[in-house]
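Numbered from 1 within each chain, the chains take letters A, B, ... in sequence-line order. Hydrogens, waters and symmetry mates are skipped; everything else that's a heavy atom, side chains included, is used.
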Amino acid sequence: MRASQFHLFTLKEAPSDAEVVSQQLMLRAGMIRKVAAGIYNYMPMGLRSIRKVEAIIRDELDRAGAMELVMPLVQPAELWQETGRWDKMGPEMLRLKDRHDRDFALQPTSEEVVTDIARQELKSYRQLPKNFYQIQTKFRDERRPRFGVMRGREFLMKDGYSFDRDVEAAGRSYEKMYAAYGRIFDRIGLEYRAVAADTGAIGGDRSHEFQVIADTGEDAIVYCPDSDYAANIELAEAVALLTGRATAGRALEKTPTPGKSTCGDVAELLGVALQTTVKSLVLASEEVDETGKVLKTTICLLLVRGDHDLNEVKAGKIEGLKAGFRFATETEIIEHFGCKPGYLGPIGLKKPVRIIADRTVANMADFICGANDEGFHYTGANWGRDLPEPELVADIRNVVEGDPSPDGKGVLAIQRGIEVGHVFYLGNKYSKAMNATFLDIDGKPKHFEMGCYGIGVTRILGAAIEQNHDARGIIWPAAIAPFEVVICGVGWGKSEAVRDEAVRLYDTLKAAGVDVILDDRDERPGVMFADWELIGVPHRVTIGDRGLKEGVVEYQARREGEQLKFAPDAIAAHIIASIRA
RNA sequence: CGGGGAAUAGCUCAGCCUGGUAGAGCACUGCGUUCGGGACGCAGGGGCCGGAGGUUCGAAUCCUCUUUCCCCGACCA
């Protein structure tokens, strides 16, 4: 490829609405252009990187025995109604009607369609296992698209689905994909961590996210440096920080705390540690009939220690809150607590409230909590003496840095991550809902055991840049750079020697299968260097009269500071060797 | 969905308060001088000032509505 024939368009300044560095650099490097909120053109430069990511994914998945197919972007409502997701998905799924007023959706994912394929195509256990994948455009009408390709509405995703005979075989499929994912992200060249993730309604322990480590990540990942424990914070188990409850040492006392409505303020006012306070959160869950009419509303008081945060995913697993919950309204709070938010607590309730304590809170003694009287908190509160034992003790908080690891092998650390892949055991949730069966060896129909496996192809680009950039621009991992090598011809227009030498090297590298671009734009060197450093090409060769007079060409690796000099005949071998390394 | 903010050239922005024929830098075209880290000069092209209504002799500027975009929030009572 010659730069004069390629579409190269860089910007000195990023659009003002570009927030994160990957978005700014991709826009400046001319890899993407925004069309609407969360919707982008992938320009030729960007598409080259996307294709390289795709190629690695295809290679590894095919090697792992998966098969590529493509399912439609526009999918009929009927299939989504079979699993009930037509109603459950909410506004994230973009719906549309055709000219006959029939309902369709733009696929946010493809469990329904692939299960439909399986029930039509897979009749016998002899055909199993099967693993189908596609690399397809997805559309999710995100509440708040942002961060460029990291959370777009339209994006490119690899989604794969496995079909197995039984749970054990499904486990093998899962392990295969887990291993393939590791190879994929290794080859792409990202620093990542595979972490255990929430399994939602499916249950079980087979769900892992592949998280690229980056401070700008939207997920918090928890890991233990001394063991192999790693989990998304949504899932990471928080153990009780107090072993057993101390005996009560203080009397219950109602203390004025005017205007101090948060645990932090109260602790500061009273001059005590935040760890002696208890935070009250009020949730409401509703029982509804088929028409959606509310039959009964239950109010729950959740207690976590003052320095801890409620984990809503964990709360959603509590019996009674499984069907869904919301934060209670102020009216409901006043009705049950006789007090406005800010001074709520478990003592002296006006109406019965279900009290659920975090494991740590359940072991606290002489704690501080709201007095259900505006401007007052109780100090010296004790379970069993001042209030009944909690109705339920559960893990309902987020772990914090320094918590003991649940495997007992050290303490936990937390870092930010960008989720680029997810492997998930689905069980027979979809095969049952859609009655997708095969005949097993005993001649009886059985539901498929399924797994699903996703990789955010476009998100990988963003994640790679978040992890690899400097003040000058992108530093692509070599495997997914739009070009592996750029040859900059200095004084292209006026020096035949430069042109000859550059074309000679270009031909040599091309013949060796190197993805090389020749910058023959006759630009000033500063312009060329700035462009290619912004774009992030890993290897650069500069050929100019000045060097050729001394019998050298210059080589610069994007990641290194030092520029090296090579004899014109030696440079090709050096580059080929460093690429193959 | 709630609350803020913004919308003027391809990009970054000024002009608006105090109404009077639309500006700068970058980018683009031509010519010339330059030529190893985003050169310089001269000459150009490019804007229904997001859209609709209103006030006014006159609106980018003031008012109303609307659309789009961005930010924050939608756990921490």
Whole-angstrom distance between B/C48 and B/U56, as gauged at atom P: 28 Å

Minimum-distance nucleotide (side-chain atoms of A/Phe529 versus B/C35, B/G37, B/C69): B/G37

Identify whether any heavy atom of A/Arg540 sits under 4.0 Å from a base atom; if not, whether one sits that close to sugar-phosphate; answer base, sugar-phosphate or nothing. base

If you look at every strand shown and take non-hydrogen atoms under 4.0 Å, does A/Ile333 touch a base, only sugar-phosphate, or nothing? base

Name the nucleic acid region contacted by A/Ala328, choosing base, sugar-phosphate or nothing; use a 4.0 angstrom heavy-atom cut-off, strictly under. base

Validation row: A/Glu268, A/Leu274 side chains within 4.5 angstrom (heavy atoms): no

Looking across every strand, which nucleic acid part, if any, lies under 4.0 Å from A/Arg472 by heavy atom: base, sugar-phosphate, or nothing? base

Can you measure A/Leu303 atom CG to B/C76 atom C1' for me and round it to whole angstrom units? 13 Å

Whole angstrom is fine here: how far is it from NZ in A/Lys12 over to P in B/A39? 6 Å

Show your reasoning for whether side chain to side chain donor-acceptor pair (under 3.5 Å) applies to A/Asn311 and A/Asn398. CA-CA 5 Å; A/Asn311 180 315; A/Asn398 282 332; 2.8 Å; yes

Tell me which nucleotide, if any, is Watson-Crick or G-U wobble paired with B/A77 when both distances must be under 3.5 Å. none

So what does A/Asp531 hit on the nucleic acid, given a heavy-atom distance under 4.0 Å: a base, only sugar-phosphate, or nothing? base

Rounded to whole Å, please give me the gap between NE2 in A/His308 and C1' in B/A77. 18 Å

Should the side chain of A/Arg146 and the base of B/G73 be counted as holding a donor-acceptor pair, with the cut-off at 3.5 Å? no

Using a 4.0 Å heavy-atom cut-off, does A/Lys260 contact any base of the nucleic acid, only the sugar-phosphate backbone, or nothing at all? nothing

Please check this pair: side chain of A/Thr276 against backbone of A/Val272, looking for a donor-acceptor N/O pair closer than 3.5 Å. no

Would you say the side chains of A/Thr257 and A/His377 form a donor-acceptor pair under 3.5 Å? yes

Options B/C13, B/G25, B/C35, nucleotide nearest the side-chain atoms of A/Glu13: B/G25

When the P atoms of B/A39 and B/G25 are considered, how many whole Å apart are they? 16 Å

Rounded distance in Å - CD (A/Glu312) to P (B/C76): 9 Å

Determine the contact category for A/Gly491: base if any of its heavy atoms lies under 4.0 Å from a base atom, sugar-phosphate if only primed atoms, P, OP1 or OP2 are that close, otherwise nothing. nothing

Name the one of A/Arg95, A/Arg151, A/Arg153 that satisfies salt bridge (Lys or Arg N to Asp or Glu O under 4.0 Å) with A/Asp141? A/Arg153

Given side chains that start at C-beta, do those of A/Thr379 and A/Cys369 come closer than 4.5 Å, heavy atoms only? no

Paired to B/G2 by Watson-Crick or G-U wobble criteria (both distances under 3.5 Å) is B/C72

Rounded to whole angstrom, note down the C1' distance from B/C35 over to B/C16. 44 Å

So if I apply the side-chain contact (heavy atoms from CB on, under 4.5 Å) rule between A/Val486 and each of A/Val537, A/Leu518, A/Ile535, which one comes out positive? A/Val537

Applying side-chain contact (heavy atoms from CB on, under 4.5 Å) between A/Val553 and each of A/Leu548, A/Thr542, A/Leu505, A/Val498, report the one that passes. A/Leu548

How far, in whole Å, is B/G5 from B/C75 if one measures between their C1' atoms? 25 Å

5' precedence on RNA chain B between A/Glu19 and A/Gln556 (nearest-nucleotide basis): A/Gln556

Measure from the side chain of A/Pro15, starting at C-beta and using heavy atoms only, and say which of B/G37, B/C11, B/A77 lies closest. B/C11

Looking at B/G37, B/A77, B/U12, which one has an atom nearest to any side-chain atom of A/Glu533? B/G37

For RNA chain B, whose closest nucleotide is more 5', that of A/Ala37 or that of A/Leu534? A/Leu534

What does B/A43 pair with, Watson-Crick or G-U, if both distances are under 3.5 Å? B/U29

Sole candidate of A/Ile356, A/Ile318, A/Leu392 that passes side-chain contact (heavy atoms from CB on, under 4.5 Å) when paired with A/Cys300: A/Ile356

Heavy atoms only, 4.0 Å cut-off, all strands: where does A/Asp17 land among base, sugar-phosphate and nothing? sugar-phosphate

Interatomic distance at C1', B/G4 relative to B/G46, whole Å: 34 Å

Over all strands shown, is A/Gly370 touching base, sugar-phosphate only, or nothing at heavy-atom distances under 4.0 angstrom? nothing

Looking at the side chain of A/Leu310, which of B/C75, B/A77, B/G38 is the nearest nucleotide? B/C75

OP1 or OP2 of B/C35 versus the side-chain N and O atoms of A/Arg524: is any pair under 4.0 Å? no

Using the P atom on both, measure B/C62 against B/C49 and round to a whole Å. 15 Å

Nearest listed nucleotide, side chain of A/Arg153, among B/G37, B/C69, B/G38: B/C69

What is the distance, rounded to the nearest whole Å, between atom CZ of A/Phe9 and atom P of B/C26? 14 Å

Residues A/Asn468 and A/Arg559: side-chain donor-acceptor under 3.5 angstrom: yes

Using Watson-Crick geometry (N1-N3 plus N6-O4 or O6-N4) or G-U wobble (N1-O2, O6-N3), each under 3.5 Å, B/G23 is paired with B/C13

Any strand is fair game: report the nucleotide pairing with B/G37 by Watson-Crick or G-U wobble, both distances under 3.5 Å, or none. none

Looking at the rings of A/Phe483 and A/Phe6, which for Trp means the six-membered one, are their centres under 6.0 Å apart? yes

Short side-chain to backbone donor-acceptor contact, A/Glu466 and A/Ser22, under 3.5 Å: yes

A/Gln24 CD - B/U12 P separation (whole Å): 11 Å

Can you tell me the pairing partner of B/U18 across any strand shown, Watson-Crick or G-U wobble, with both distances under 3.5 angstrom? none

How far, in whole Å, is B/G50 from B/C13 if one measures between their P atoms? 16 Å

For atom C1', what is the distance between B/U21 and B/A59, given to the nearest Å? 12 Å

Measuring from the side chain of A/Ala36 (C-beta onward, heavy atoms only), which nucleotide among B/C69, B/A39, B/C75 has the closest atom? B/C69

Residues in contact with RNA chain B, drawn from residues 274-283 of chain A - heavy-atom cutoff 4.0 Å: A/Lys279, A/Ser280, A/Leu281, A/Val282

To the nearest Å, how far apart are A/Met31 CE and B/C11 P? 20 Å

Can you check the A/Met528 CE to B/C35 C1' distance for me, whole Å? 10 Å

Residue matched to B/U64 through Watson-Crick or wobble contacts both under 3.5 angstrom: B/A52

Quick note, A/Thr10 side chain, CB onward, closest among B/C35, B/G37, B/G38 is B/G38

Between A/Ser16 and B/A6, is there a contact of a side-chain N or O with OP1 or OP2 at under 4.0 Å? no

